[in-house]
Amino acid sequence: MFVDTPLDICEQRDRKDLYRRARAWEIRDFTGINSPYEAPENPEIRVRAGELSIEACVALMLENLLPRLRLEQAE
């Protein structure tokens, strides 16, 4: 599952202030700031967190994961 979230939204939601600290070089090799980030090319599930509410993201995740879990439990 790829939770596709734009960097600006990640920074807005950052309760631990990690992005600010990474931009100030207090944290080195922070993915997306001072270390490269490569999004997956073909994720099985892609949740566009920048376009959906948190509730919609959770619903989408559950909609995709619960059937898989039920299949695994049946085997």
Trainee: Under a 4.5 Å side-chain heavy-atom rule over Ile, Leu, Val, Met, Phe, Trp and Tyr, are Leu52 and Ile45 clustered together?
Mentor: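 Shared cluster, yes.
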
Trainee: Does a side-chain heavy-atom distance below 4.5 Å link Lys16 with Asp14?
Mentor: yes

Trainee: Nearest 0.5 Å, please: how far is CG in Leu65 from CG in Leu60?
Mentor: 9.0 Å

Trainee: Are Ile27 and Ile33 close enough that some pair of their side-chain heavy atoms sits under 4.5 Å apart?
Mentor: no

Trainee: May I ask you to test the Glu26-Arg20 pair for a side-chain heavy-atom distance under 4.5 Å?
Mentor: yes

Trainee: Looking at Leu66, I want to see if its CG is surrounded by more than 12 non-hydrogen atoms of other residues, nucleotides or ligands under 6.0 Å.
Mentor: yes

Trainee: Taking it one step at a time, do Arg13 and Thr5 satisfy side chain to side chain contact (heavy atoms under 4.5 Å, CB included)?
Mentor: CA-CA 10 Å; Arg13 295 178 180 173; Thr5 310; 4.3 Å; yes

Trainee: Determine whether Tyr37 and Leu7 make a side-chain contact, defined as any pair of heavy atoms from C-beta on separated by less than 4.5 Å.
Mentor: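 No; the side chains remain at least 4.5 Å from each other.
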
Trainee: Are Phe2 and Val47 packed together at the side-chain level, in the sense that at least one heavy-atom pair is separated by less than 4.5 angstrom?
Mentor: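 Contact flag for Phe2/Val47 side chains = no.
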
Trainee: Should Met1 and Met61 be marked as a side chain to side chain contact (heavy atoms under 4.5 Å, CB included) after you check the CA-CA gap, both sets of side-chain angles, and the distance that decides it?
Mentor: CA-CA 8 Å; Met1 179 172 299; Met61 289 177 195; 3.3 Å; yes

Trainee: Could you tell me which residues satisfy side-chain hydrogen bond (donor to acceptor under 3.5 Å, both in side chains) with Glu38, sequence neighbours excluded, listed by chain and number?
Mentor: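 With sequence neighbours excluded, Glu38 shows a side-chain hydrogen bond (donor to acceptor under 3.5 Å, both in side chains) to no residue whatsoever.
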
Trainee: If you round to the nearest 0.5 Å, how far is CD1 of Ile9 from CD of Glu51?
Mentor: 8.5 Å

Trainee: Restricting to non-hydrogen atoms, name the atom on Ala49 and the atom on Cys57 that form the minimum distance, rounded to 0.1 Å.
Mentor: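 Looking at all heavy atoms of both residues, the shortest contact is CA-SG, 3.6 Å.
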
Trainee: Look at the side chain of Asn34 and the backbone N and O of Asp29, then say whether any donor-acceptor pair between them is shorter than 3.5 Å.
Mentor: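 Checked: pair present.
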
Trainee: Is Val3 close to Arg46 at the side-chain level, that is, under 4.5 Å between some pair of heavy atoms?
Mentor: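 Contact flag for Arg46/Val3 side chains = no.
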
Trainee: Of all the heavy-atom pairs spanning Gly50 and Pro6, show the shortest one and how long it is.
Mentor: CA-CD, 3.8 Å

